[in-house]
Amino acid sequence: MASPQPQYSPKQVAEALCVSESSVKRWCDRGAVPTVRTLGGHRRVTLDGLNQFLNQTGRELSNPEVLGLPSFPRLSRRYVPGNDDSVYAAFREALCLGQEATCRHILQERIACGWTPTEAAENLITDAMCSIGEAWKCGQLDVYQERRGCDIALRLVNELRASLPRLAPNAPVAIGGSPEGDPYQLPTALVELALRQVGWQATSLGSNVPIESFRQATHDCSPRLVWLSVSTVADPIEFVSQVNEFADRLGENVPLLVGGRGLDDVIRPRLRYTAHCDNLKHLVDLAAMMKSNLAWNVAAS
């Protein structure tokens, strides 16, 4: 049998909301705050009724402890600093609030206006996730909002990938992912999208992939291009050693592209790679050129 819900007097609700008791009674009488009556005819507000009122009005409890409820830190759930452009701001806010359908609509509108799927992903998704990540680190957002945003962003990227034209049967193969210790899935998914857009049969191996697994995948898939998307590095010395050994095994005929915020000015100069990409546009341009060179070499042979 379910436990009875707690019930609060208008005075208690008023103290929790930091408003006058008369205001709460007026809201109760108008039906804005769902109310029950005691046998003596006194107004009482159930927890469900209070939650309904808060959700419909957007109000928050200033003093939840008055009602015996837990006190949560005040978080900015709407405004996250970032690009001031209205489209960017609208997408950023929708992603912050978990409004997946709105995010999808904004992306589709931008693509209809001429943006490529990769441009839409980089301009909107990357911008929003960087801003949300910073807001979370600064305590403006809760971790669940950042994680929810990541999940929505991944689904949107996968939808953009699915919307691309069918690849040619002879499209060159590319594989890549994020190395061991790097849990971020979105950056490598964005690389896969960008490469597929310019005609590569690209497959992301995911995040937190050991270098030995990259070696095995290279042996099994015979790629013409390999990428590493690096957002964080736990042990720089070990990371540099493993990546350089991997690059040596790839040889000169298989380019290794690297990128990501984890490759700072200390780590990057110590790595052996074919090219470093600062952003998706750079990657798209470089990958398109590499694909053209491959086609020319095949035609000339």
Side-chain angles (χ1 to χ4, degrees), residues 54-60 62 72-161 163-164 178 183-195 197-198 229-232 259-265 268 276-287:
L54 296 175
N55 289 333
Q56 289 177 345
T57 61
R59 290 177 176 270
E60 294 184 1
S62 301
F72 294 104
R74 289 182 174 273
L75 301 172
S76 172
R77 289 176 168 80
R78 287 186 174 273
Y79 178 71
V80 177
N83 192 309
D84 291 332
D85 182 276
S86 60
V87 174
Y88 287 72
F91 185 89
R92 193 166 58 245
E93 177 178 324
L95 190 59
C96 174
L97 293 173
Q99 297 171 347
E100 185 169 342
T102 301
C103 292
R104 183 176 294 108
H105 177 70
I106 294 173
L107 282 172
Q108 291 170 347
E109 276 194 334
R110 291 298 91 197
I111 291 173
C113 289
W115 287 10
T116 66
T118 298
E119 287 173 336
E122 179 163 41
N123 292 345
L124 296 178
I125 295 177
T126 301
D127 169 78
M129 285 309 305
C130 287
S131 297
I132 288 174
E134 287 301 315
W136 163 54
K137 290 178 183 177
C138 296
Q140 294 175 297
L141 297 177
D142 192 84
V143 65
Y144 86 84
Q145 293 172 292
E146 193 269 346
R147 298 294 187 267
R148 181 180 61 189
C150 284
D151 284 345
I152 292 174
L154 275 171
R155 286 195 291 273
L156 294 174
V157 169
N158 288 335
E159 290 173 8
L160 290 174
R161 183 190 63 188
S163 73
L164 295 173
S178 300
Y184 294 97
Q185 302 177 62
L186 183 59
T188 185
L190 288 168
V191 173
E192 181 187 64
L193 171 68
L195 291 174
Q197 181 179 293
V198 292
S229 177
V230 186
S231 296
T232 183
R261 65 176 184 271
L263 300 181
D264 57 29
D265 292 337
R268 195 174 73 183
H276 173 264
C277 298
D278 295 313
N279 50 56
L280 288 184
K281 183 181 185 307
H282 182 196
L283 173 65
V284 165
D285 293 342
L286 182 60

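Note that the structure is a prediction, hence the values are computed from the model and not measured.
Arg110 has its side chain within reach of Leu124: a pair of non-hydrogen atoms, C-beta onward, lies under 4.5 Å apart. Counting heavy atoms from C-beta on, the side chains of Pro183 and Thr232 come closer than 4.5 Å. Side-chain contact between Ile132 and Gln145: absent, with no pair of heavy atoms (C-beta onward) separated by less than 4.5 Å. A 4.5 Å side-chain heavy-atom check between Cys150 and Met129 finds at least one atom pair inside the cut-off. Within the 4.5 Å cutoff, the side chain of Leu54 has no heavy atoms near those of the Gln56 side chain. At a threshold of 4.5 Å between non-hydrogen side-chain atoms, the residues Leu141 and Glu146 do not count as touching.
Scanning both residues, Leu164 and Pro117, for their nearest heavy atoms gives CD2-CG, 3.8 Å. Considering all non-hydrogen atoms of both residues, Asp127 and Arg92 come closest at OD2-NH1, 3.3 Å. Looking at every heavy atom in both residues, Asn123 comes nearest to Tyr88 through O-CE2, 2.8 Å.
Evaluation of the salt bridge (Lys or Arg N to Asp or Glu O under 4.0 Å) rule for Arg148 yields no partner, not counting sequence neighbours. Remark: Asp285 engages Lys281 in a salt bridge (Lys or Arg N to Asp or Glu O under 4.0 Å) (not counting sequence neighbours).
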Counting only pairs under 3.5 Å, give me each side-chain donor-acceptor contact of residues 153-160, with atom names and distances, residues two or more places apart or in other chains.
residue : atom : partner : partner atom : Å
Arg155  : NE   : Glu100  : OE1          : 3.3
Arg155  : NE   : Glu100  : OE2          : 3.1
Arg155  : NH2  : Glu100  : OE1          : 2.8
Asn158  : ND2  : Leu154  : O            : 3.3
Glu159  : OE1  : Arg104  : NE           : 2.7
Glu159  : OE2  : Arg104  : NE           : 3.4
Glu159  : OE2  : Arg104  : NH2          : 2.8

One pair to check against side chain to side chain contact (heavy atoms under 4.5 Å, CB included): Leu283 and Thr118. What are the steps and the verdict?
CA-CA 10 Å; Leu283 173 65; Thr118 298; over 6 Å; no

I would like to know whether Asp264 and Arg268 meet side chain to side chain contact (heavy atoms under 4.5 Å, CB included); could you show each step before the answer?
CA-CA 6 Å; Asp264 57 29; Arg268 195 174 73 183; over 6 Å; no

Test side chain to side chain contact (heavy atoms under 4.5 Å, CB included) applied to Leu107 and Ile125, step by step
CA-CA 9 Å; Leu107 282 172; Ile125 295 177; 4.2 Å; yes

Using the rule given for side chain to side chain contact (heavy atoms under 4.5 Å, CB included), can you reason through Phe91 versus Thr102, listing the C-alpha separation, both sets of side-chain angles and the distance that settles it, and then say yes or no?
CA-CA 8 Å; Phe91 185 89; Thr102 301; over 6 Å; no

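Annotation: cation-pi geometry satisfied between Arg261 and Tyr184 (NZ/CZ under 6.0 angstrom from ring centroid, within 45° of ring axis).
In this structure a side-chain-to-backbone donor-acceptor pair under 3.5 Å is present from Asn279 to His282. At least one donor-acceptor pair closer than 3.5 Å links the side chain of Ser178 to the backbone N or O of Ser229. Here the side chain of Glu122 pairs no donor or acceptor atom with the backbone of Glu119 at under 3.5 angstrom.
Note that the CD atom of Glu109 and the CD1 atom of Ile111 stand 11.0 Å from one another [nearest 0.5 Å]. Atom CG of Leu193 sits about 11.5 Å away from atom OG1 of Thr188, to the nearest 0.5 Å. Atoms CG and OG, from Leu186 and Ser231 in turn, are 8.5 Å apart once rounded to the nearest 0.5 Å.
Other residues, nucleotides and ligands place no more than 12 heavy atoms under 6.0 Å from the NE2 atom of His105.
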